[in-house]
Protein chains: 2
Amino acid sequence: MSLSQMDHGWLWDKLDAYLARHSLRQTNQRKDIVNALISMREKHVDAEKLHNAVKDLGLDIGLATIYRTLGLLREAGIVEQRSFTDGRAIFELAIPDEHHDHLICIDCGIVKEFENEEIEALQLKIANSLGFSLSSHKLELYARCLREPCPNRVR
Amino acid sequence: MSLSQMDHGWLWDKLDAYLARHSLRQTNQRKDIVNALISMREKHVDAEKLHNAVKDLGLDIGLATIYRTLGLLREAGIVEQRSFTDGRAIFELAIPDEHHDHLICIDCGIVKEFENEEIEALQLKIANSLGFSLSSHKLELYARCLREPCPNRVR
DNA sequence: CTACCTGCAAACGTTTTGCAGCTTC
DNA sequence: GAAGCTGCAAAACGTTTGCAGGTAG
């Protein structure tokens, strides 16, 4: 077992369990894609970025398989799917007990993560008061850096 | 001035101001699209629904113009663009001082609106503590009706 | 040997764009 | 009459799917 596999033991366990439960196969492509995903610096990746990361490891996997595997990982609860501003889907490892929300800079697009228990509690309360049981939520803050010009700006 | 135009005076003022400020033209299509948007029962519409509403008024406007006008209305601060679960863009009138967030039923897709000052205040605090000035936010709760089966379910 | 999986290319649904003609100012 | 605007059709975009061949269990 490689180092990165050790760091993410929960992930491989979860994947194995999901595959077994649904009578799906362990394939090299799936392992390679997960390894590429783990090794990426960026936490928020889209299918194309992941495809490139896989290629950079010298592997040749079709984009369709990337999409199919990301869908599988989402169903298995291993990644979360988001969307932010543009149309494309963004995926992120769903590390157990590490829920967080996102603040996105409207100048440079940088994504900061934060946690706030108070807001989480209020969300539960709101859903209940409307007669619903909360399943998940999406909270994104769009904001501008207080220092001008934005120090993260690239363009 | 029609009744619906009276009800939405702020909107026409805002549109006129935006058009003037950017040296853009007043056209029948733009007025017709805004009127169709105002007259719709559904608060959350996509481009196709709006296109159909326009057609139902006996008007013949191209889908491309619907998209272009919705983009203009967004830039003018007259509508807000969202996305919810599926890929398509959803638009909603951005009524001044009537901000709200959304709870979406994961069974039937019905959208409930809610407001919560406490959460809004916490968001401001969080953005500031991260060194940002909050511009806008998106909060969506995905939840399941407490009564089974979901009374809103259509399928 | 029976699912299941993959790569490829084609299809998909939504949104954008190039262009020729028309409208607004 | 110059600058915008529109409709149309075609293109673009990210994503999904059908299929023929390959692979895991």
Side-chain angles (χ1 to χ4, degrees), chain A residues 12 15-36 44-55 57-76 79-92 109, chain B residues 12 15-37 44-55 57-76 79-91 109:
Chain A
W12 297 103
L15 179 55
D16 289 351
Y18 183 84
L19 294 176
R21 185 158 14 104
H22 294 263
S23 308
L24 302 177
R25 307 266 149 90
Q26 307 258 177
T27 68
N28 289 327
Q29 286 91 334
R30 284 173 182 162
K31 287 176 203 160
D32 289 340
I33 289 170
V34 169
N35 271 321
H44 305 96
V45 297
D46 57 28
E48 199 193 340
K49 276 195 195 125
L50 179 53
H51 192 207
N52 287 334
V54 166
K55 281 194 242 170
L57 294 177
L59 302 164
D60 193 14
I61 299 181
L63 184 54
T65 299
I66 303 284
Y67 275 105
R68 285 190 271 234
T69 302
L70 281 170
L72 184 154
L73 295 175
R74 168 171 29 74
E75 294 312 306
V79 300
E80 280 178 11
Q81 183 170 348
R82 313 187 167 278
S83 68
F84 300 153
T85 33
D86 49 3
R88 82 185 98 210
I90 299 289
F91 297 85
E92 163 176 26
Chain B
W12 297 102
L15 179 56
D16 290 351
Y18 183 84
L19 294 177
R21 184 157 16 103
H22 293 264
S23 310
L24 302 176
R25 308 264 148 93
Q26 305 259 177
T27 68
N28 289 327
Q29 286 91 336
R30 283 174 184 162
K31 287 175 202 161
D32 290 340
I33 289 169
V34 169
N35 271 321
L37 183 58
H44 304 97
V45 299
D46 58 29
E48 200 193 342
K49 276 195 194 123
L50 180 53
H51 193 208
N52 287 333
V54 166
K55 280 194 243 169
L57 295 177
L59 302 164
D60 193 13
I61 298 180
L63 183 55
T65 299
I66 303 282
Y67 275 105
R68 285 189 272 233
T69 301
L70 281 170
L72 186 154
L73 295 176
R74 168 172 27 77
E75 293 311 306
V79 300
E80 280 178 10
Q81 182 170 348
R82 313 187 167 278
S83 71
F84 300 155
T85 33
D86 48 4
R88 84 184 97 207
I90 300 289
F91 297 85

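Below, chains carry the letters A, B, ... as their sequence lines are ordered, and counting in each starts from 1.
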Original post:
How many angstroms lie between CG in A/L50 and CD in A/E48, if you round to the nearest 0.5 Å?
Top reply: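 Between A/L50 CG and A/E48 CD, I get 11.0 Å after rounding to 0.5 Å.
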**OP:** Enter the distance from A/E75:CD to A/L70:CG here, rounded to the nearest 0.5 Å.
**Re:**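 Going from the CD atom of A/E75 to the CG atom of A/L70 covers 11.5 Å.
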**OP:** Evaluate the side-chain proximity of B/Q26 to B/D16: yes if any heavy-atom separation is below 4.5 Å, no if none is.
**Re:**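 Counting from C-beta outward, B/D16 and B/Q26 do come under 4.5 Å.
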Subject >> Any A/H22 side-chain heavy atom under 4.5 Å of A/L72 side chain >> reply: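 Side chain of A/H22 against side chain of A/L72, heavy atoms only: no contact under 4.5 Å found.
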Between atom [atom1] in [X] and atom [atom2] in [N], what is the gap in whole Å?
X: A/Q26; N: C/dT6; atom1: CD; atom2: P; answer: 12 Å
X: A/R30; N: C/dC4; atom1: CZ; atom2: P; answer: 11 Å
X: A/I66; N: D/dT17; atom1: CD1; atom2: P; answer: 17 Å
X: B/K31; N: D/dT6; atom1: NZ; atom2: C1'; answer: 15 Å
X: B/N28; N: D/dC5; atom1: CG; atom2: P; answer: 13 Å
X: B/L73; N: D/dC5; atom1: CG; atom2: P; answer: 13 Å
X: A/D32; N: D/dA24; atom1: CG; atom2: P; answer: 12 Å
X: B/L59; N: D/dT6; atom1: CG; atom2: P; answer: 13 Å

Original post:
Would you say the side chain of B/R68 and the base of D/dG4 hold a donor-acceptor pair, judged only by whether the two atoms sit under 3.5 Å apart?
Top reply: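 By the distance-only test, no, there is no pair.
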Subject >> Test item: A/R74 side-chain N/O and A/F91 main-chain N/O as donor-acceptor pair under 3.5 Å >> reply: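 Between the backbone of A/F91 and the side chain of A/R74 there is no qualifying donor-acceptor contact (under 3.5 Å).
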Subject >> Check: A/H51 side chain, A/I61 main-chain N or O, donor-acceptor pair, under 3.5 Å >> reply: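 Yes: the side chain of A/H51 pairs with the backbone of A/I61.
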Original post:
Who are the side-chain hydrogen bond (donor to acceptor under 3.5 Å, both in side chains) partners of B/H44, not counting sequence neighbours?
Top reply: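 So B/H44 forms a side-chain hydrogen bond (donor to acceptor under 3.5 Å, both in side chains) with B/E92, B/H102, B/E113.
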Original post:
Looking only at heavy atoms, what is the nearest atom pair of B/V45 and B/L37, with distance?
Top reply: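 It is CG2-CD1, 3.8 Å.
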Detail all sub-3.5 Å separations between protein N/O atoms and N/O atoms belonging to nucleotides 12-15 of chain D.
from, atom 1, to, atom 2, distance (Å)
D/dG14, OP1, A/R88, NH1, 3.0
D/dT15, OP1, A/A89, N, 2.6
D/dT15, OP2, A/Y67, OH, 2.4
D/dT15, O5', A/Y67, OH, 3.3

Subject >> DNA chain D: 5'-proximal contact among B/S23 and B/G62 (nearest heavy atom) >> reply: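 It is B/S23 whose nearest nucleotide is closer to the 5' end.
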Original post:
Which comes earlier along DNA chain C counting from the 5' end, the contact point of B/R74 or that of B/L24, where each point is its nearest nucleotide?
Top reply: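 Going by which nucleotide is closer to the 5' end, it is B/R74.
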Original post:
If you fit an axis to the five pairs at each end of the helix from C/dC1-D/dG25 to C/dC25-D/dG1, how big is the angle between those two axes, to 10 degrees?
Top reply: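 For the helix from C/dC1-D/dG25 to C/dC25-D/dG1, the axes at either end differ by 30°.
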Subject >> B/T27 vs C/dT24: side-chain N/O to OP1/OP2 distance below 4.0 Å >> reply: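 It does not, given that no N or O in the side chain of B/T27 lies less than 4.0 Å from OP1 or OP2 of C/dT24.
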Subject >> Reference residue A/D32; test side-chain contact (heavy atoms from CB on, under 4.5 Å); the match among A/L59, A/T65, A/D60, A/L57 >> reply: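 The residue from A/L59, A/T65, A/D60, A/L57 that satisfies side-chain contact (heavy atoms from CB on, under 4.5 Å) with A/D32 turns out to be A/L59.
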